[in-house]
Amino acid sequence: MPEPKIDRLLLTGAAGALGRQLRQSLKPFAHTLRLSDVAAMEPAQAGEEVVPCDLADKAAVDRLVAGCQAIVHLGGVSVERPFEEILEANIRGVFHIYEGARRHGARRVVFASSNHVIGFHRQGEVLDAGSPRRPDGYYGLSKSYGEDLSRFYFDRYGIETACLRIGSSFPEPKDRRMLVTWLSYRDLTELVRCCLFAPALGHTIVYGASANRDRWWDNSGAAHLGFRPQDSSEPFRAKVEAQPPLDPSDTAAQYQGGAFVKNGPYETL
């Protein structure tokens, strides 16, 4: 049976590390993949449209969303930064995406949230979708806002959303924390695919991690997605554990958000 396809799928943040991966891996799932970022992108290939856009520009985002049936929203600042920078890309930007979806009839959004929404929970504590949010910085706060915004647009306008609380998606885990939070690129693609084509998505919060030995996150509330990760951080354990461990008194070793719990504050005056 052939894979289903979306007529036109919008991928924001297409110039970023994860965007570049998904630009290639999502092609089988769309007749046309519309790619957007404020940064420079490679020229369009067959089946692609490249549309540069600043997410803080509401009119530009409205034009960007027009004609798209679904959106994978990775765009925005992906690290801890001064609030003013986070505000434009991550807070105004996600509002503009949902307003565009409402105005143009896009019915499904895959929103790249983050584990930093719950970063001030202790490492080792097992969390599910209903656990209290405890953002670990301005970046985490912006993703928490996006989760609330997406819930509002589902309740009022019926726009379905999967909020992906992505752990650490890199070619391989870099430290002990990432042995727990690592999400392979293959599993990231499969998670996004499941969210795009689940028969009923509603408003779903799902943690993005591979099938790692140790787990802090319970995805039983997202079982309807059918997501079954295939990779694990175990092949990298010996390499990672050869590194000197963090001092146990270091807050980066105590909280799930790692180093994000101590980044900043940033002076802007």
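Bear in mind that the values here come from a model prediction, so they are computed numbers and not experimental data. Because only heavy atoms are used, hydrogens play no part in the values below, and waters and symmetry mates are left out as well, while side chains stay in.
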Enquirer: Looking at every non-hydrogen atom in both residues, tell me the closest pair between Asp136 and Gly257 and how far apart they are.
Expert: OD2-CA, 3.3 Å
Enquirer: Heavy atoms, side chains only, cut-off 4.5 Å: are Leu9 and Leu196 in contact?
Expert: yes
Enquirer: For Phe120, give me all partners under ring-ring contact (aromatic ring centres under 6.0 Å, His included), at least two apart in sequence or on another chain.
Expert: Tyr255
Enquirer: Which heavy atom of Leu188 sits nearest a heavy atom of Ser169, and at what distance?
Expert: CD2-OG, 4.0 Å
Enquirer: Can you sort out the partners of Ser114 under side chain to side chain contact (heavy atoms under 4.5 Å, CB included), two or more places apart, ordered by chain and number?
Expert: His116, Tyr139, Lys143
Enquirer: Please list, chain by chain and in numerical order, all residues satisfying side-chain hydrogen bond (donor to acceptor under 3.5 Å, both in side chains) with Arg63, sequence neighbours excluded.
Expert: none
Enquirer: What are the two closest heavy atoms between Ser36 and Leu10, and how far apart are they?
Expert: CB-CD1, 4.3 Å
Enquirer: Kindly give the heavy-atom pair with the smallest separation between Cys195 and Leu201, and that separation in Å.
Expert: O-CD2, 3.7 Å
Enquirer: Taking only residues two or more places apart in sequence, or in another chain, which ones meet Arg8 in a side-chain hydrogen bond (donor to acceptor under 3.5 Å, both in side chains)?
Expert: Glu49
Enquirer: Which pair of heavy atoms, one from Leu33 and one from Leu22, lies closest together, and at what distance?
Expert: CD2-O, 4.5 Å
Enquirer: Taking only residues at least two apart or on different chains, which pairs with a member in residues 50-60 satisfy side-chain hydrogen bond (donor to acceptor under 3.5 Å, both in side chains)?
Expert: none
Enquirer: Tell me the closest heavy-atom pair linking Ile91 and Ser142, and the distance in Å.
Expert: CG1-CB, 3.9 Å
Enquirer: side-chain hydrogen bond (donor to acceptor under 3.5 Å, both in side chains) with Ser184: which residues, sequence neighbours excluded?
Expert: Asp187, Asp231
Enquirer: Please examine the side chains of Leu164 and Ser113, heavy atoms only from C-beta on, and report whether any two atoms are closer than 4.5 Å.
Expert: no
Enquirer: Indicate yes or no: does Arg176 engage Asp214 in a salt bridge with an N to O separation below 4.0 Å.
Expert: no
Enquirer: Rounded at 0.5 Å granularity, tell me how far CG in Leu179 sits from CD in Glu172.
Expert: 10.5 Å
Enquirer: Determine which pairs satisfy ring pair (Phe, Tyr, Trp, His ring centres under 6.0 Å) with at least one residue from residues 159-183, sequence neighbours left out, and list them in order.
Expert: Trp182-Phe236
Enquirer: Considering only heavy atoms from C-beta outward, does the side chain of Arg134 approach that of Val261 to under 4.5 Å?
Expert: no
Enquirer: Which atom pairs, one a donor and one an acceptor, fall under 3.5 Å between side chains of residues 38-46 and the rest of the protein, sequence neighbours left out?
Expert:
from: Gln45; atom 1: OE1; to: Lys27; atom 2: NZ; distance (Å): 2.7

Enquirer: Verify the distance criterion only: is there a donor paired with an acceptor across the side chains of Thr189 and Ser25 at less than 3.5 Å?
Expert: yes
Enquirer: Check this for me: Arg103, atom CZ, are more than 12 non-hydrogen atoms of other residues, nucleotides or ligands nearer than 6.0 Å?
Expert: no
Enquirer: Which class fits the ring pair Phe111 and His73: parallel under 30°, tilted 30 to 60°, perpendicular over 60°?
Expert: parallel
Enquirer: Output all residues satisfying ring-ring contact (aromatic ring centres under 6.0 Å, His included) with Tyr98, sequence neighbours left out; order by chain, then residue number.
Expert: Tyr153
Enquirer: How would you list, by chain and number, every residue that makes a side-chain hydrogen bond (donor to acceptor under 3.5 Å, both in side chains) with Thr204, sequence neighbours excluded?
Expert: His224
Enquirer: Taking side chain to side chain contact (heavy atoms under 4.5 Å, CB included) as the test, write out the residues that go with Glu125, two or more places apart.
Expert: His121, Arg122, Leu127, Gln256
Enquirer: Would you find a donor on one side and an acceptor on the other, under 3.5 Å apart, between the side chain of Glu88 and the backbone of Gly93?
Expert: no
Enquirer: Is any side-chain heavy atom of Trp216 less than 4.5 Å from a side-chain heavy atom of Arg177?
Expert: yes
Enquirer: Counting C-beta onward and ignoring hydrogens, is there a side-chain heavy-atom pair between Arg23 and Glu48 closer than 4.5 Å?
Expert: yes
Enquirer: Counting heavy atoms not belonging to Arg92, are there more than 12 under 6.0 Å from its CZ?
Expert: no
Enquirer: Using ring-ring contact (aromatic ring centres under 6.0 Å, His included) as the criterion, list what pairs up with Trp217, not counting sequence neighbours.
Expert: Tyr207
Enquirer: Do Arg108 and Thr161 make a side-chain contact, defined as non-hydrogen atoms from C-beta onward lying under 4.5 Å apart?
Expert: no
Enquirer: Is any side-chain heavy atom of Arg213 closer than 4.5 Å to a side-chain heavy atom of Ser233?
Expert: no
Enquirer: Is Leu191 reachable from Leu11 through a run of I, L, V, M, F, W or Y residues, each pair having side-chain heavy atoms under 4.5 Å apart?
Expert: yes
Enquirer: With heavy-atom distances below 4.5 Å as the criterion, would you say the side chains of Glu99 and His96 are in contact?
Expert: no
Enquirer: Does NZ or CZ of Arg81 come closer than 6.0 Å to the centre of the six-membered ring of Tyr266, within 45° of the ring's axis?
Expert: yes
